[in-house]
Protein chains: 2
Amino acid sequence: MSITIKDVARQAGVSIATVSRIVNGQKGYGEKTKERVLKTIEELGYTPNAIARGLVGRETKSIGVLLPKLSGLFASKLLEGMEETARNEGYSLFVCHTDSKEDRAIQDLQVLKEKQVDGIIYASDQLSESQGQMLNSMVCPAVFVSTQSLTHPFPYVKVDDYQAACTGTRYLIEKGHKQIAFIGGSLEDPIAGKPRDEGFRKTMKDHHLKVEESLTAYGDFRFQSGKENFKNILKAEKPFTAVFAVSDEMAAGVLSEAYEQGISVPDDLAVLGYDNTMAAEMAIPPLTTIAQPLEEMGQKAVELILSIRENKGNINKNKIVKHRIIERKSVLERSKTKGLFL
Amino acid sequence: MSITIKDVARQAGVSIATVSRIVNGQKGYGEKTKERVLKTIEELGYTPNAIARGLVGRETKSIGVLLPKLSGLFASKLLEGMEETARNEGYSLFVCHTDSKEDRAIQDLQVLKEKQVDGIIYASDQLSESQGQMLNSMVCPAVFVSTQSLTHPFPYVKVDDYQAACTGTRYLIEKGHKQIAFIGGSLEDPIAGKPRDEGFRKTMKDHHLKVEESLTAYGDFRFQSGKENFKNILKAEKPFTAVFAVSDEMAAGVLSEAYEQGISVPDDLAVLGYDNTMAAEMAIPPLTTIAQPLEEMGQKAVELILSIRENKGNINKNKIVKHRIIERKSVLERSKTKGLFL
DNA sequence: TCCTTTTACGTAAACGTTTACTCTTTTTAA
DNA sequence: TTAAAAAGAGTAAACGTTTACGTAAAAGGA
C-alpha cells in the first residue's frame, strides 16, 4: 500500500485539508506548518494520486488521440508535436491506433470516454456517422487534425488541401512541365482525396493544360500504393515529364518503381511529393515536396483542446496552417528533364 | 453532469450494488432485474467511470511507454505492436517522448506514477541511475524493450545485439566481402552500441579479416549521422567493398551520401542495414538488413507486464527474440561489386 | 481598548465505483 | 415437512482526494 495524504497528515500532525492545500500551492497555512509538511512529504516519499484527484476534480489531465496508422512518419511527427505541447501543459496522451477500422475507433472512443479524458484529437482520417455521434455524446471537447468533417462540425487544424495541391501543380507548371501525371488519394475521401485532385485539375485548367486521364491514379497514401499506381501509369505509355504524388510515401513508391525500371529521377522525370516527412529527406534523390507543418499542427491541436476547455463559449476555432514548397532534388526544370514516352 | 450508476439504480428501482454487479457480469440478481437494468442503462446512455473504478479497484488499465524518439519508423512500429496487444487486453497506452533527456524521463515517470499506471515500458534507450531508482520506487512492474540495464535488472525484451551483429557481418563475409566498413552506435552505449561493435569485430577476427580503423565510425542511429559518418569514411580513401550500418536510418544515410558522390549501390558497394523498418523497404535500392521483430517485441513487452502483474512471484522473464536477415537489393556477392579505392 | 477582518487551520461531504456484510426469500435435499 | 443451502438484493464502508464551511486565534483599525 502506498503513502497517502492521510499518512502525511498524521505524521506531520495536521489535517489532510492542510496537506492538500500545501501540495496544491493554495493558501491558508503558516510558514512553519508548510515546512514541516513538506519535510514529511519528502521523508515519506508521498506522491499525490491523480486518479483520486481526477474523481473529485473532474479532470484527468489526459487527452486521447486517434490515429489511423501509428507506424508511419506522418503520424509519428504529428504525435511528437502533440506530445510536446501536452507535456508542457501538464497533460498526458493516450494513443489509439484505429487502423481506419470503424469498430476499433468506436471501441477507442468508448474507452476514452470511460477513462474521462479531457479532450479527444481525431487525426487524419474520415469520420463515420456513428463515430460522429459518439464524439457528440462526449462531454469533453474534440478536435480534428489534418482532417475535418463536413457533417460534424468540430474544430479542426489542417492545411488547405485544395490550395496546397494548386501550389504543387503550379510549381511544376512554372518549372515548365506540361504533361503531368497525378497520383492522388481516394476520390471518395472528401477531405484529403478529392480536394487535392480538384486543386490539381483546376490549376492545370487555369494554365490551359490538359490532364490525361491515363496518367492519373488514386491510392491510399502508402508506399506500395504509390509504387503500384506508378507502374500502372507507365503501362499507358503516354508522354509525361513530371508526377505529382500526394504523399511522400507514395512519391517514394514512385521513386522505387522508377529505379527498378531504370528511369532516372530527376533526369528523366520530375517527382513532387506531399507532407515533408523524413521520407522526403531520406529519398534518393531527396524529394521536393509540399510541406505540412506536422509538429505545429499537433501543437495547435492540443492548444485548441485546451482553449476550448477554458472559454466554454468558443468562437469558430478552425485553424488553417500554411503549407509551403520544400525544394530538394527531385524536380528540375522541364528543359533539363528528358521526360518519358516522348 | 453525466449519468452515474446512481441514476441508473434510481431509474431501475434497484440499488447501486445490483447495477454494479450486472455491469461487471458478476452474479447475485434475477433475470428480470438484469433486463430491466440493462434497458435503463441503454436508455440513459450510462457509461461507467473508469476513474472511480480505478480508485477503488486500484488498477487503471493503462500502461506508460517511454520512448526516446517518437517520430521514427523504429519507435512507431514498436508502438504499434504494443498498442495492438494492450487494446486486446483492455489496456490503454500513455506515450511519453523522452528525447533521451534525463529530466524529461524523470518527469514522465513521476506523472505516470501519479496517474497510477499498471505498468511501465521503457524503450530503446539507456537508463540513468536516477531513472533506475524511480523505476524501483514504482509500485507497478516495469520492463525494457529493445534495451536493458546492467545495474537495474528489470525484465527485458530484445534481440541479442551481439549475435545480430555477428550474423550481419558473417552474411557479408559469406558473400565474399573482406574489406568491410562499419558504422555503429556509440561505444559508450553498453546495450546497442558496444555489443554490435564487438559482434562485428569478433566475426571479422574469426574469419581472419582485419578491421581497418579508418573504415569504422560511430553515430547515433539517425539518418544524418549515417550520412556524415559515411562521408568521413570515404575521406580515408581506403579500399572497401561493403558497409554495415547498424540502423536502417543510418544505412539510408550512406545510400544518400553514396548517391551524391556518384557511388552506385550495390554495383560499387554493398550496404547492409539493421532493424528492418519501412526505411529499408523504401530505400533505393531496397536494403538488405537485419530484422528486429519490432511489432512482436512490442507485443511481448506488454504481455510481460501483464504476466508479472498476475504471478507476482515471477521467474526470470527476459525474452530474447530472434533476428534474421532480410535479403533485398543492397548487397551483391563480392564478385559482382566493384568496391571503392581498389 | 474593542470590534472587525484576516489567517490558520480542522471537519466532513462529495466524487462514482466496488465489495464485504447483511437480510430475505426461494429452492433443494432428506 | 423441515432444515439447510442458495439466490436475490440492499446497506454502508472504502478508495484518496478537494473543497465548502466552520471556528478560534491573531492582526488590524479606530
Side-chain angles (χ1 to χ4, degrees), chain A residues 1-38 40-41 44-62 90 110-118 139-140, chain B residues 1-38 40-41 44-62 90 111 113-118 139-140:
Chain A
M1 199 64 14
S2 44
I3 308 295
T4 76
I5 202 173
K6 281 185 199 163
D7 301 314
V8 176
R10 184 166 356 98
Q11 178 86 5
V14 297
S15 76
I16 60 169
T18 299
V19 178
S20 175
R21 283 189 278 255
I22 291 173
V23 168
N24 294 294
Q26 295 166 333
K27 50 183 183 173
Y29 46 82
E31 192 57 33
K32 299 110 56 94
T33 316
K34 176 178 173 183
E35 273 168 30
R36 183 156 33 93
V37 168
L38 253 22
T40 314
I41 286 177
L44 265 39
Y46 166 70
T47 302
N49 182 326
I51 296 297
R53 269 186 179 162
L55 185 56
V56 35
R58 37 186 72 294
E59 69 167 5
T60 54
K61 296 281 182 187
S62 55
Q110 179 65 30
V111 168
L112 293 174
K113 189 174 184 181
E114 294 186 4
K115 294 226 164 103
Q116 315 288 125
V117 293
D118 295 338
V139 292
C140 68
Chain B
M1 197 63 18
S2 43
I3 308 295
T4 75
I5 202 173
K6 281 185 199 163
D7 302 313
V8 176
R10 186 168 353 99
Q11 179 84 5
V14 297
S15 74
I16 59 170
T18 299
V19 178
S20 175
R21 284 189 278 252
I22 291 172
V23 168
N24 294 293
Q26 297 164 332
K27 50 184 184 171
Y29 46 84
E31 191 57 31
K32 298 110 56 95
T33 316
K34 175 178 174 185
E35 273 169 30
R36 184 155 35 93
V37 168
L38 253 22
T40 314
I41 286 177
L44 263 40
Y46 165 71
T47 302
N49 182 326
I51 297 297
R53 268 185 181 164
L55 186 55
V56 35
R58 38 186 68 308
E59 70 166 4
T60 55
K61 295 283 180 186
S62 55
V111 169
K113 189 173 181 179
E114 293 187 5
K115 294 225 164 104
Q116 315 289 125
V117 293
D118 295 337
V139 293
C140 68

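To find a chain, count down the sequence lines: A is the first, B the second, and so on, and within it residues start at 1. The figures here come from the full heavy-atom set of this structure, side chains too, leaving out hydrogens, waters and symmetry mates. All values derive from a computational prediction rather than experimental measurement.
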Separation of D7(A) atom CG from dC15(D) atom P, in whole Å? 11 Å
Out of dG16(C), dG16(D), dT19(C), minimum distance to the side chain of R58(B) belongs to dG16(D)
Nearest-neighbour nucleotide for the N24(A) side chain, dT18(D), dT17(C), dT17(D) considered: dT18(D)
Using side chain to side chain donor-acceptor pair (under 3.5 Å) as the criterion, list what pairs up with Q110(A), not counting sequence neighbours. E114(A)
Rounded to the nearest Å, what distance is computed from the CD1 atom of residue I3(B) to the C1' atom of nucleotide dT17(C)? 16 Å
Check whether any side-chain nitrogen or oxygen of R53(B) sits under 4.0 Å from OP1 or OP2 of dT18(C), and answer yes or no. yes
For atom CZ of R10(B) and atom P of dG10(D), their distance in whole Å: 14 Å
Once you round it to whole Å, what is the distance between P of dT18(C) and CD1 of I51(B)? 13 Å
Atom pair OH (Y29(A)) and OG (S20(A)), whose distance is rounded to the nearest 0.5 Å: 10.5 Å
Between NZ of K113(B) and OG of S2(A), what distance do you get to the nearest 0.5 Å? 8.5 Å
Once you round it to whole Å, what is the distance between C1' of dG16(C) and CG of N49(B)? 6 Å
May I have the list of side-chain donor-acceptor pairs in residues 5-12 of chain B shorter than 3.5 Å, sequence neighbours left out?
residue	atom	partner	partner atom	Å
D7(B)	OD1	R10(B)	NH2	3.2
D7(B)	OD2	T4(B)	N	2.7

Salt bridge (Lys or Arg N to Asp or Glu O under 4.0 Å) involving E59(A) - partner list, sequence neighbours excluded: K61(A), R309(A)
Atom-to-atom span, CG of L44(B) to C1' of dG16(C) - whole angstrom: 15 Å
Nearest-0.5 Å distance that lies between atom CG in L44(A) and atom CD1 in I3(A): 4.5 Å
Could you give me the stems involving DNA chain D, meaning stretches of three or more consecutive Watson-Crick or G-U wobble pairs whose two defining distances are both below 3.5 Å? C:1-30 with D:1-30
Nucleotide by nucleotide, nucleotides 4-14 of chain C touches protein heavy atoms under 4.0 Å in the pattern (B base, S sugar-phosphate only, - none) ----SBBB---
Between dT17(D) (C1') and L55(B) (CG): distance, integer Å: 8 Å
So, is S20(A) close to the dT17(D) phosphate, meaning a side-chain N or O under 4.0 Å from OP1 or OP2? no
Side-chain heavy-atom pair T33(A), R36(A) within 4.5 angstrom cut-off: yes
Kindly list each side-chain donor-acceptor pair under 3.5 angstrom involving residues 45-53 of chain A, sequence neighbours excluded, with atom names and distances?
residue	atom	partner	partner atom	Å
N49(A)	OD1	I51(A)	N	2.7
N49(A)	OD1	A52(A)	N	3.1
R53(A)	NH2	N24(A)	OD1	3.4

Check side chain to side chain donor-acceptor pair (under 3.5 Å) between T60(B) and all other residues, then give those that pass, not counting sequence neighbours. S62(B), D118(B)
Could you check how far CD of Q26(A) sits from C1' of dT17(D), rounded to whole Å? 12 Å
